[in-house]
J.: 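For reference, the structure I am asking about is given below.
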Amino acid sequence: MRLSTYFVPTLKENPADATMASHRLMVRAGMIRPLAAGIYSWLPIGWRVMKKVMEIIREEMDAIGAQEFQLPALNPVEIWEQTGRVESFGDTLFHLKNRPFVLAPTHEEIFTTIAKDHIKSYRDLPQIWYQIQTKFRNEPRPRSGVIRGRQFFMKDSYTFDRDFTELDKSYGAHREAYKKIYSRSGIKFFIVGAYSGAMGGTGSQEFMVESPDGEDTCAVCDNCDYAANLEVATSAAKPVGRTDGSKKPEELHTPNIKTIDQLAQFLHISTERLAKSLVYKDDTTPVLVLMSGNDQLNEAKLTTALGKTAFAMSPEELSKYTGANAGSIGPIGLKDFRIIADKRLENANELISGANKDDYHITHIDFSRDVKIDGYYDLRSIEAGEPCPSCGKDLRVVNAIEIGHIFKLGTKYSVSLNANYLDENGTEKPIVMGSYGIGVERIIACHIEQNHDDNGIIWDNSISPFMVHVTSVNMDSNEVVATADKLYEEFNAAGIPALYDDRHGVSPGFKFKDADLLGMPVQVIIGERNLKQGNVELKFRKSGERKVVGIGAAVEEVKRFLKS
RNA sequence: CGGGGCGUGGCUCAGCCCGGUUAGAGCGCUUGGUUUGGGACCAAGAGGUCGUAGGUUCGAAUCCUACCGCCCCGACCA
């Protein structure tokens, strides 16, 4: 493409509202333009990158036998009501005003409906179906450029199997395909065990890119391959356990003590044996959650433990239900509560907790003697520096951007939409499903996050919009123009996509800055200085290395570089 | 949805606190000329309902109210 006519509106200055490097650079390089919050237009050079990423995805999906579909984004709301997801998506689901339709935020319902209509026999299984399609989600707060948008491209695939063993195979195939997709896209990533959330299902993993701007938090071990989203991460933190002492519970006056730290200071002991009480309520039952000391409750883990979402009680509810205010609540003498505790507190004794009477605590509590605990669950958020559950080395806690998520859905959607098949014995069974997503924009944004410098983007060959950037330094020199034209044609003829800066009246410095900003892997610079000796200059974007070569050798040199 | 910030030519911003001719700068754009290896220079131009609506005032970009939009933090995030 000739830059003189190609629409690439580059910007010298940073857009005021972009904070992340990828966002800034995508706007500056003329890849995208904002239309509204979380909604972007893709300009020609950005769309070229998008298409290359999509092509990598297609190749790897096709390689595991997946078949590409294209489903409607407009869906009758009725289908979404059948799976209960109008409610579970809530305000995130876009509803049309003048028809009972929604804009699809994902496609489990529609793919399952097709499966229900046409998959009737075990002979029809397995199937792997996918699409690359625009998704719509009314995000309460779009952010970080294209990373969290209200409209975005997702590769979503769905597997249909006869049982869970077969599902494991389909799931495994996706996991491997995803690794290839991200590796080929030039992204450093890691895989974490994840929380299935409202998707339901029996297991899931996320593909993550470490980034201080990430919205997720993960625990990772640099020694072994343990990595997990904090929503499910565990550590080998020691249980509180039992200690000497067989005293009976005793009330203790603790005036104006509200926090665990104050209590520890007041009693001159460590925080570990202080059983912190947190009070939640789900739709029916009040729940008392006991944690050791200052361990932080992870609400995602709480949801998993309870099987439903619970909300923290307001201060007014607290005193109504417990008779005390926050800071003085405990498990002893509490009526009508479901009481659960973190695993670290399992069977612990010599604990101190609130007395459900303001300014009083109870000492010498033995959980196996004095309290009826309805269950011990892993409820705490792990912290950096705790020992890895698999190898014991220190865990790191990092922020990360989710670029893919794979789910073993099981039969949640097939049951609610009656997608059944007949097995060899003529028994009707629900199809066992998996669903797998990739955020296409996020691949691009994360690639730029990981591959840029102060001057601009540094594309990997695999997704670079062009392979070579030909710069004609001086358009007023006939020799320079003739040589640049000729090289540009030669690159085209050799099947090497080239961007040719043939703009008139643009100073050399301006062209060089644009070339670095746009970030093609190789630049071929044609100027009078080198041309006198019959040479042109190659500049390799990533290394910054420059090399002067004869005009006739330029194409071969570039070819060799691109192959290496 | 809670907290904070912002809205002034295409872009980045000043002016607003303390109201007062014709609303500014840099970049970009147009024309002419000079330049040509790291975001050139000179000259002459074009381009703005100061987010919208109401209010206060003799007078509003500036003060007040409401609304809209955008960004950041939090909540939320299959």
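Below, each value reflects all heavy atoms present in this structure, side chains not excepted, and no hydrogens, waters or symmetry copies. Within every chain, numbering begins at 1; the chains are lettered A, B, ... in the order of the sequence lines, protein sequences first and strands thereafter. Everything numeric here is computed off the predicted structure, so don't read it as measured data.
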J.: With both distances under 3.5 Å as the test, what is the Watson-Crick or G-U wobble partner of C63(B)?
T.: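 In the structure as shown, C63(B) has G55(B) as its Watson-Crick or wobble partner.
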J.: Checking all strands, does Ala18(A) fall into the base, sugar-phosphate, or nothing category for heavy-atom contacts under 4.0 angstrom?
T.: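 Nothing: the residue Ala18(A), judged by heavy atoms under 4.0 Å, touches no strand.
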J.: Which whole number of Å gives the distance between the C1' atom of C1(B) and that of G54(B)?
T.: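 My reading of the C1' atoms in C1(B) and G54(B) gives 27 Å.
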J.: Distance check needed: A75(B) P versus Glu299(A) CD, whole Å only.
T.: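 To the nearest whole Å, that distance equals 10 Å.
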J.: Return the nucleotide paired to G45(B): Watson-Crick means purine N1 to pyrimidine N3 with N6-O4 or O6-N4, wobble means G-U with N1-O2 and O6-N3, both under 3.5 Å.
T.: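 Across all strands, the one nucleotide that pairs with G45(B) is C29(B).
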J.: Any base atoms under 4.0 Å from Thr10(A), or only sugar-phosphate, or nothing? Heavy atoms, all strands.
T.: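 Counting heavy atoms under 4.0 Å across all strands, no contact is made by Thr10(A).
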J.: Whether the Glu383(A) and Gln296(A) side chains hold a donor-acceptor pair (N or O, under 3.5 Å, no angle test) is what I'd like checked.
T.: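 Short answer, no.
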J.: Main chain of Asp501(A), side chain of Tyr488(A): is a donor-acceptor contact present, judged purely on distance under 3.5 Å?
T.: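 Absent.
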J.: Rounded to whole angstrom units, what separation is found between the CG atom of Asp213(A) and the C1' atom of C77(B)?
T.: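 For the pair Asp213(A) CG and C77(B) C1', the rounded distance is 17 Å.
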J.: His23(A) NE2 to C72(B) P: how many Å, rounded?
T.: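 Whole-Å distance recorded here is 8 Å.
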J.: Which one, G39(B), C70(B), C72(B), comes nearest to the side chain of Arg141(A)?
T.: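 Closest of the options to the side chain of Arg141(A): C72(B).
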J.: For this output row, return yes or no: ring centroids of His95(A) and Phe89(A) closer than 6.0 angstrom.
T.: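 When the ring centroids of His95(A) and Phe89(A) are compared, they turn out to be at least 6.0 Å apart.
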J.: Ignoring hydrogens and geometry beyond distance, is the side chain of Glu537(A) in donor-acceptor contact with the base of G37(B) at under 3.5 Å?
T.: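 It does, because a donor-acceptor pair links the side chain of Glu537(A) to the base of G37(B) below 3.5 Å.
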J.: Are Thr112(A) and Tyr158(A) close enough that a side-chain donor and a side-chain acceptor fall under 3.5 Å?
T.: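 Side chains of Thr112(A) and Tyr158(A): no pair found under 3.5 Å.
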J.: What's the gap between A66(B) and G3(B) when it is taken at their P atoms, as a whole Å value?
T.: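 To the nearest whole Å, 13 Å.
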J.: Nearest-Å distance, NZ (Lys513(A)) to C1' (C27(B))?
T.: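 Spelled out: NZ on Lys513(A) to C1' on C27(B) is 15 Å.
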J.: Are Asn229(A) and Glu206(A) close enough that a side-chain donor and a side-chain acceptor fall under 3.5 Å?
T.: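 On atom types as modelled, these side chains qualify, holding a pair under 3.5 Å.
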J.: What's the closest nucleotide to the side chain of Arg529(A) if the choices are G74(B), G37(B), G39(B)?
T.: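 Of G74(B), G37(B), G39(B), G37(B) is nearest to the side chain of Arg529(A).
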J.: Could you work out the separation of G9(B) and G24(B) based on their P atoms and round it to a whole Å?
T.: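 Nearest-Å result for G9(B) against G24(B) at atom P: 14 Å.
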J.: Using purine N1 to pyrimidine N3 plus N6-O4 or O6-N4 for Watson-Crick, or N1-O2 and O6-N3 for G-U wobble, each under 3.5 Å, what pairs with G7(B)?
T.: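 In the structure as shown, G7(B) has C68(B) as its Watson-Crick or wobble partner.
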J.: Please give me the minimum heavy-atom distance between Phe190(A) and Val209(A), naming the atom from each residue.
T.: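 Minimum heavy-atom separation between Phe190(A) and Val209(A): CE2-C, 4.3 Å.
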J.: Could you tell me which non-hydrogen atom of Arg541(A) sits nearest to which non-hydrogen atom of Met520(A), and how far apart they are?
T.: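 Here Arg541(A) and Met520(A) meet closest at CB-O, 3.2 Å.
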J.: Is Lys135(A) touching bases, backbone alone, or none of the nucleic acid, heavy atoms closer than 4.0 Å?
T.: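 Result for Lys135(A) = nothing.
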J.: Where the side chain of Arg143(A) is defined as all heavy atoms beyond and including C-beta, which of C27(B), A75(B), C71(B) is the nearest nucleotide?
T.: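 Of the options given, the side chain of Arg143(A) lies nearest A75(B).
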J.: In whole Å, what is the span from the CG atom of Asn399(A) to the P atom of C77(B)?
T.: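 These atoms are roughly 17 Å apart.
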J.: Paired with A40(B) by Watson-Crick or G-U wobble geometry, both distances under 3.5 Å: which nucleotide is it?
T.: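 In the structure as shown, A40(B) has U34(B) as its Watson-Crick or wobble partner.
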J.: On RNA chain B, nearest-nucleotide positions of Ser507(A) versus Ala36(A): which is more 5'?
T.: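 Between the two, 5'-proximity favours Ser507(A).
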J.: Atom CG of Asp454(A) and atom P of G39(B): how far apart are they, to the nearest Å?
T.: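 Asp454(A) atom CG is separated from G39(B) atom P by 15 Å.
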J.: Which nucleotide, if any, forms a Watson-Crick or G-U wobble pair with G74(B), using both distances under 3.5 Å?
T.: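 By the stated definition (distances under 3.5 Å), C1(B) pairs with G74(B).
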J.: Glu139(A) CD to C1(B) P: how many Å, rounded?
T.: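 Rounding to the nearest Å, CD of Glu139(A) and P of C1(B) are 15 Å apart.
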J.: Among side-chain atoms of Ser185(A) and His447(A), is any donor-acceptor pair under 3.5 angstrom?
T.: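 There is no such pair (donor and acceptor under 3.5 Å, judged by atom type) between the side chains of Ser185(A) and His447(A).
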J.: With a 3.5 Å cut-off and just heavy-atom distances, do the side chain of Asn474(A) and the base of G37(B) make a donor-acceptor pair?
T.: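 For Asn474(A), whose side chain was compared with the base of G37(B), there is no donor-acceptor pair (under 3.5 Å).
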J.: If we take the C1' atom in both G2(B) and G59(B), what is their distance in whole Å?
T.: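 It comes out at 39 Å once rounded to the nearest Å.
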J.: Inspect the contact between Glu528(A) and Lys532(A) and indicate whether a charged nitrogen and a carboxylate oxygen are less than 4.0 angstrom apart.
T.: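 Glu528(A) and Lys532(A): not salt-bridged.
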J.: Does Lys542(A), at its NZ atom, have more than 12 non-hydrogen atoms belonging to other residues, nucleotides or ligands within less than 6.0 Å?
T.: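 Open: at most 12 neighbouring heavy atoms sit under 6.0 Å from NZ of Lys542(A).
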J.: Measuring only the P atom in each nucleotide, how far is G26(B) from A46(B)? A whole number of Å is fine.
T.: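 After rounding to an integer number of Å, I get 16 Å for this pair.
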J.: Taking protein heavy atoms under 4.0 Å as touching, what does nucleotides 6-14 of chain B look like 5' to 3' if B marks base contact, S marks sugar-phosphate-only contact and - marks none?
T.: -----BSS-
J.: Please report the shortest heavy-atom distance between Lys408(A) and Tyr171(A), naming the atom on each side.
T.: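 Closest heavy-atom pair between Lys408(A) and Tyr171(A): CG-CD1, 3.4 Å.
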J.: Using heavy atoms and a sub-4.0 Å distance, could you list which residues of residues 540-551 of chain A are near RNA chain B? By number, please.
T.: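 Contacting residues: Arg546(A).
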J.: Check the side chains of Ser211(A) and Glu449(A) for a donor-acceptor pair under 3.5 angstrom, ignoring hydrogens and angles.
T.: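 There is no such pair between these side chains.
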J.: What's the gap between G33(B) and A25(B) when it is taken at their P atoms, as a whole Å value?
T.: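 These two P atoms come out 26 Å apart once rounded.
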J.: How close or far is atom C1' of C72(B) from atom CZ of Arg148(A), stated in whole angstroms?
T.: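 The distance from CZ of Arg148(A) to C1' of C72(B) comes to 15 Å, rounded to the nearest Å.
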J.: Of Lys12(A) and Pro140(A), whose closest RNA chain B nucleotide lies nearer the 5' terminus?
T.: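 Closer to the 5' end of RNA chain B: Lys12(A).
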J.: Distance between the P atoms of A53(B) and C13(B), in whole angstroms?
T.: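 Taking atom P in both A53(B) and C13(B), they lie 25 Å apart.
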J.: Only pairs with both distances under 3.5 Å count, Watson-Crick or wobble alike; so what is the partner of C50(B) in this structure?
T.: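 WC or wobble partner does not exist here.
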J.: Would you classify Asp216(A) as touching base, sugar-phosphate or nothing, given that sugar-phosphate means primed atoms plus P, OP1 and OP2, and contacts are heavy atoms under 4.0 Å?
T.: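 No contact.
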J.: Could you check which of G39(B), C70(B), G37(B) has an atom nearest any side-chain atom of Pro508(A)?
T.: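 It is G37(B).
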J.: Has Glu537(A) got a side-chain atom pairing as donor or acceptor with Arg546(A)'s backbone, closer than 3.5 angstrom?
T.: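 No, because the side chain of Glu537(A) does not come within donor-acceptor range (under 3.5 Å) of the backbone of Arg546(A).
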J.: What's the gap between C16(B) and U56(B) when it is taken at their P atoms, as a whole Å value?
T.: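 C16(B) and U56(B) have their P atoms separated by 25 Å.
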J.: Reckon Arg33(A) touches a base, only the sugar-phosphate, or nothing at all at heavy-atom distances under 4.0 Å?
T.: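 It contacts nothing in the nucleic acid.
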